[in-house]
Amino acid sequence: MTDRNADHVVVVAGALYDRGRLLAARRSAPPELAGRWELPGGKLEPGESAEKALVRELREELGVETEPGERVPGEWPLKPGYVLRVWTARLLSGEPRPLEDHDELRWLARDELDSVDWLDADRPALAAAVERL
Ligand code: DCM
């Protein structure tokens with residue numbers, strides 16, 4: 001595996017769930033995305049598998065240990081040259097804290113998913129992910 005697939009940089013994100021709720025993270029940067037909510041994650045590093053990248057990113061950003069589940073079918077365009085891929089993920093240990101890139105976290109029940117302002121790419125990704133939780 002590489003950090004690029006064809007000519008796209010792959011961003012992996014986790015639909016992290018625990019006790020029937022899904023974690024939403026509010027971005028603190030860059031300015032044009034700050035205040036919008038996302039499934040936490042980040043870019044693959046060279047030579048890293050998607051699952052390893054996801055576990056690493058969730059550890060760095062949230063301070064938790066997680067276990068990737070299944071890939072959510074689909075791929076969503078981000079800014080030019082970037083695509084978003086999503087995995088379900090289970091919380092193994094720790095309580096998520098906004099250590100990097102986020103300034104607020106919220107556990108959302110199914111009927112609360114529309115209560116935050118998701119990033120554009122995350123809306124369809126989230127809809128697909130929720131079917132698999
Ligand atoms: N991104 C997104 N949705 C996510 C994760 C990331 O739209 N769930 C976007 C935001 C950035 C790019 O991907 O434009 C790279 O993310 P980061 O800055 O977190 O590495």
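Just so you know, ligand 1 is whichever comes first in the structure, and atom 1 is the first atom listed for that ligand. Given the structure is predicted, the values throughout are model-derived calculations rather than measurements. Values reported hereafter were calculated over all heavy atoms of this structure, with side chains retained and with hydrogens, waters and symmetry mates removed.
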What part of Leu33, side chain, backbone, both or neither, has a heavy atom within less than 4.0 angstrom of ligand 1?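 Only the side chain of Leu33 comes within reach of ligand 1.
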I'd like to check which ligand 1 atoms, numbered from 1 as shown, lie under 4.0 Å from a non-hydrogen atom of Ala13.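 Going through ligand 1 atom by atom, the ones under 4.0 Å from Ala13 are 8 (N).
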Quick check: does any side chain N or O of Thr88 sit under 3.5 Å from a backbone N or O of Glu70, one acting as donor and the other as acceptor?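 Confirmed, Thr88 side chain pairs with Glu70 backbone.
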Closest to atom 7 (O) of ligand 1 (judged by heavy-atom distance), picking from Leu78, Leu84, Val9: Leu78
Heavy-atom nearest neighbour of atom 8 (N) of ligand 1 within options Val86, Leu39, Leu44: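 It is Leu39 that holds the nearest heavy atom.
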Below 4.0 Å from any atom of ligand 1, is there a heavy atom belonging to Val11? yes
Among the heavy atoms of Glu57, does any lie under 4.0 Å from an atom of ligand 1?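 For ligand 1, residue contact (heavy atoms, under 4.0 Å) with Glu57 is absent.
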Cationic N near anionic O, under 4.0 Å, Arg56 to Glu45: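 The answer is yes: the pair qualifies as a salt bridge.
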Salt-bridge test for Arg36 and Asp120: reply yes if a basic N is under 4.0 Å from a carboxylate O, no otherwise.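 Between Asp120 and Arg36 there is a salt bridge, with a charged N closer than 4.0 Å to a carboxylate O.
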When you check the side-chain N and O atoms of His102 and Glu38, is any donor under 3.5 Å from an acceptor? yes
closest protein heavy atom to atom 19 (O) of ligand 1 is Arg27 NH1, 3.1 Å
How about Lys43 and Val10: do any of their side-chain heavy atoms sit closer than 4.5 Å?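 SC-SC contact between Lys43 and Val10 ruled out.
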